[in-house]
Structure formats: structure tokens, C-alpha cells
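Only one structure is covered here, and it is reproduced in the block below.
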Number of protein chains: 2
Amino acid sequence: MGALRMGGEEAEGRNALARGSWKQDPDAVKTDILRVAREEFATHGLSGARIDHIAARTRTSKRMIYYYFGDKDGLYRRVLEEAYRTVRGREASLDLAGLPPVEALRKLVGHTFDHHRDNPEFIRLVMIENIHHGAHLAVSDVIRELNSAAIENLEDIYGRGLEAGLFREGLSALQLHWQISALSFFSVSNRATFTLIFGDSLYAPDRRGDMRRDVEEMVLRYVMK
Amino acid sequence: MGALRMGGEEAEGRNALARGSWKQDPDAVKTDILRVAREEFATHGLSGARIDHIAARTRTSKRMIYYYFGDKDGLYRRVLEEAYRTVRGREASLDLAGLPPVEALRKLVGHTFDHHRDNPEFIRLVMIENIHHGAHLAVSDVIRELNSAAIENLEDIYGRGLEAGLFREGLSALQLHWQISALSFFSVSNRATFTLIFGDSLYAPDRRGDMRRDVEEMVLRYVMK
DNA sequence: GTAAGAATGTACTAAATAGTTAAAAGCGTC
DNA sequence: GACGCTTTTAACTATTTAGTACATTCTTAC
């Protein structure tokens, strides 16, 4: 007894693991679960996400989710950690030390803006985490390593700008990072409501470059003498 | 078993409506439900909110929630609409027409910043609505009326600043509103994760004025020649 | 006062959902 | 080639949760 046949796509994926002949590949299974879970959490939030939905779109089963990640919160935490880890990796790739301060700052701002716009899934995860008052990030150890890259870059640039007499005194790298983040983050996080209320003129596809330039301009004008 | 006693406030509230003698007061009931529901939705999100929790903290019953608001989504939509309505009311109270452009702009920015900081519940509702891609705002009629106040104020100020030769050309009220909103909104929406990662130096109670001044400064420097 | 309708209380239901149980198949090791 | 550990399958459960049925009480118009 027990219906052994399954429908469509699922069947193919599962056939490889069908009863009586399957290969063990724990890493691939974990990666697969995390990929699907990231989409589910980013789309529906923590409470809105359904373990059964995730399981259905994975090539493995619900049991494995619990086997590897313990419970729903554990899975969510891992998804969040991986998201932050990935972002951190990308940030390091920027080489600004060789550029003069103004150009370096402009490039950093533009890069941050683009990065946010290109990774709405990550933005959504951060929004969701903020809805939950950062409770899951608080018990994670990944975060402490995160402050380094962006802030250190900014500190270097700001310092060089000061020395060159181009930037005004009394600002801080942390504050600048905050402002750059605010403008870049909001551009993604509040797009839905903003567009609904004010129309999509600011968000037309060919306007993305304009918005980016405006954000760069705003930061530069704030920093420069 | 069967604890019949309830704690403090609740008991009093329900006694008034106890079996055999109760007064009808539909408006008070609706208001009460909306107040509790707003807190619940703002705290836990749409999927995370529990109708039973709302009912328990209301002085009426779950039955009445469905009687007046149809279903969970209907209740959420009403909460959202009321939140926007309230905000719109407060925005109109600002009188800037008499001020010279620079001061008017500074005051508008400061007011927006303060308003966001003082109404985190509203910010959270907007965050939640964005998580849901604005799907509920999209089917509401309250929003269309909203664009007016803030944008018109800005248009007036910007126009007067141009005439006076104080502001630079080529900007738009919508864009300015976007930037002001971004800085003010982010200050509340991402406070949790930002504080966890970078510490609370920017958010220390005695620093709020500094942040407000920085935001004002950033906008003014962007707009002025 | 009485009938019709609005408002409310109590108890219930059906479905969804996080998490579990039990067993069996692969895999390395001796 | 069997033993122990890891990985996987399939079916199951207990609880939570949105939503409802139905009776009852208040209010107002006549």
C-alpha cells in the first residue's frame, strides 16, 4: 500500500533517490534546502513561510529539514547567516585604496546602491529580521565579523579625504555608512508602497542610473567642503 | 480546572457585558478591536498575528472581529488604512508657507524625522506591508489621497527656493520626498539589525538630536547651491 | 408592547502546520 | 559480510488557528 508514484518535476528529482537505489550527498541536500528556504522566507516572512512548501520544492523531504536544521527557527537562522556571509564576501571584492578619496567614495556609494538593488532577497530577509527585532541575528555569531569591511573602507577614504583637505571635519565613518545604507536600502525595501502611492516614475527601468547618481551626489555633497 | 477568574482590567471590562445585561456600543467595540489589532499586527506581522490573541486582549469577543471586519485580511486592511489616515492628519498640521525656503525645508525634514521616530508602530506596519508587496494597500482607496500633503508642501518650498536663487535647478519634489523619507524611515526600520551589528552609539538617547540634525543637513546641502 | 433587525456570547469545526516515529537503505570498517 | 553510524522514506500526531453555527440579548420604529 502507500502511493509510490509522484507527479511531474518532483518525480524526476526523487527518482534519483528512489527506494532501493540512492546516493548520499549531504552537502548537496543541505544546499538545496537552504536555497529553497531562502526563497520561501524572503517571500513570505518567518511566520508566513511553510515548512511543507519548502519540503515540496526541495528534492528531498521534510524529515531532512528537521534532520539537518532542527526546527523552523534553526533553518531560518541558517538562511539568514548564509545570506549575510554571502554579502560580506561580495563587499570585500571592491578595491578602493588606489583611488583618490572623492572617486573612491563615489564608487563605494554606487556599489552599495547597486548591490542592494541587485539583491532584493537579501534586503527582504533583513527587513523580516527587523520586524522580529533582530532576535535571530542576536544569537548568531556571524554578525560580529561584518562591521569590518564597509566601515574600514569608509574610514580609510574619509581619512584620506580629510588629509587632502577635500572633506569637512567632524563626520564619522559609521554615520556615513548609516546614511549610505539608508538611501540604498530604502530604495529596495519601500519600493512597493512608494510606487503605489506616488507612481513608478522614480522606479522606471531607465531611471535606475539617475537614482544611483542622486544618491552618490547626496553623500558627496554632504561630505565635501 | 476551569479557572473562572480573570486578571484586573479584563474582568472589569467583561463584567460590564456579562450575561443578562450589556449595552450596545458598536463604535467603541470597533475602535477597541482596531487598537488591539494594530498592536498585534505591528508586533508580529500579518502572518504572525493571531486573531485569538487580539480577541483575548479586547474587551469583546472573537465573534465581533469577524462580525465587523469579515476576516483577518479585512481587519489588517482596516488597521493599515487607519494608520495611514492618522498620519495624514498629523502631516497637515505643519505650517510652512510663512517661513523662508531654507528654514521651511529644514523644519519639514526635522518634522518628518521626528514623526517617524515617534511612531515606530506605523513604520512597522509599512515595513510589513512592503514585505507583502503592498498587496493590501493596492486594494485600498485611502492611499491616493495621501500624496498631496507632503509633496505639495515640498513643491511650494522648492519653488520658492528656486525663485530666491537659493536652491539649485533640476531637482523634483518627489525625489526630495523620497530622500527625506529614506533617511527618516531607515532610522526606525533598521534600528534592530544596525544596532546589533554596529553597536548603539548612533542610537544613544542623547544622540537623537544629532541624527536629526545630520539628516536635515544632508538634505539642505543636497538642495542648496 | 411587539416585531424586526442589530449586536453579542458560547461552543464548535475543519484545515493547516510544526514536528515525530519507526524502519530501512547506503556507507565505511574490520 | 556483518556491524554500527549516517542518511533517507513514508506515514502519523498533537496542536494551533481561522472561521462558523446558532442561540440570545439589546435597540428602535411602529
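We use all heavy atoms of the structure for the numbers below, so side chains are in, but hydrogens, waters and symmetry mates are not. Each chain gets a letter, A, B and so on, in the order the sequences are listed, and its residues count up from 1. Note that the structure is predicted; figures quoted are calculated from it, not measured.
- Contacts of residues 33-40 of chain B with DNA chain C (heavy atom under 4.0 Å): none.
- Listed by chain and number, the residues in a salt bridge (Lys or Arg N to Asp or Glu O under 4.0 Å) with A:Arg212 are A:Asp114, A:Glu216 (sequence neighbours excluded).
- Taking side-chain N and O atoms only, A:Ser61 has a distance below 4.0 Å to OP1 or OP2 of D:dT9.
- For the pair A:Tyr67 OH and D:dT9 P, the computed distance is 13 Å after rounding to whole Å.
- Going from atom CG of B:Asp27 over to atom C1' of C:dA6 covers 13 Å, rounded to whole Å.
- Every residue two or more places apart in sequence or in another chain was checked for a salt bridge (Lys or Arg N to Asp or Glu O under 4.0 Å) with A:Asp71, and none qualifies.
- Among residues two or more places apart in sequence or in another chain, the ring-ring contact (aromatic ring centres under 6.0 Å, His included) test is passed with A:Phe41 by A:Tyr76.
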Are there any protein N/O atoms within less than 3.5 Å of an N/O atom in nucleotides 18-21 of chain C, and if so, which ones and at what distance?
from, atom 1, to, atom 2, distance (Å)
C:dA18, OP1, A:Ala49, O, 3.4
C:dA18, OP1, A:Arg50, NH1, 3.4
C:dA18, OP1, A:Lys72, NZ, 3.2
C:dA18, OP2, A:Ile51, N, 3.2
C:dA18, N7, A:Lys62, NZ, 3.4
C:dG19, OP2, A:Lys72, N, 3.0
C:dG19, N7, A:Lys62, NZ, 3.1
C:dG19, O6, A:Lys62, NZ, 2.7
C:dT21, O4, A:Arg63, NE, 3.1

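- Protein atom CE of B:Met64 is 15 Å distant from nucleotide atom C1' of D:dG19, rounded to whole Å.
- Inter-axis angle, ends of the helix from C:dG1-D:dC30 to C:dC30-D:dG1, five pairs per end, rounded to 10 degrees: 10°.
- The main-chain N or O of B:Leu96 is never found under 3.5 Å from a side-chain atom of B:Asn153 such that the two would form a donor-acceptor pair.
- Between A:Tyr68 and D:dT8, a side-chain N or O to OP1/OP2 separation shorter than 4.0 Å is present.
- Rounded to an integer number of Å, the gap from A:Arg59 CZ to D:dT8 C1' is 12 Å.
- Looking at residues two or more places apart in sequence or on another chain, you find a ring-ring contact (aromatic ring centres under 6.0 Å, His included) between A:Tyr84 and A:Phe122.
- Atom pair B:Phe69:CZ and D:dG19:P shows a separation of 14 Å (rounding to whole Å applied).
- Listed by chain and number, the residues in a salt bridge (Lys or Arg N to Asp or Glu O under 4.0 Å) with B:Asp118 are B:Arg208 (sequence neighbours excluded).
- Listed by chain and residue number, A:His136 satisfy the ring-ring contact (aromatic ring centres under 6.0 Å, His included) test with A:His132 (two or more places apart in sequence, or in another chain).
- The interatomic distance linking A:Ile65 (CD1) with D:dT9 (C1') rounds to 14 Å, in whole Å.
- Between A:Val79 and the options A:Arg35, A:Arg38, A:Glu40, a side-chain contact (heavy atoms from CB on, under 4.5 Å) holds for only A:Arg38.
- Put simply, B:Thr60 has a side-chain N or O that comes within less than 4.0 Å of OP1 or OP2 on C:dG9.
- B:Asp73 pairs by the salt bridge (Lys or Arg N to Asp or Glu O under 4.0 Å) definition with nothing, not counting sequence neighbours.
- With sequence neighbours left out, the side chain to side chain donor-acceptor pair (under 3.5 Å) criterion links B:Glu39 to B:Arg57.
- In this structure, B:Leu75 atom CG and D:dG19 atom P are separated by 10 Å, rounded to whole Å.
- Atom CZ of B:Phe41 and atom C1' of D:dA18 are 12 Å apart (whole Å).
- Shown here are the ring-ring contact (aromatic ring centres under 6.0 Å, His included) partners of B:Phe185, two or more places apart in sequence or in another chain: A:Phe186.
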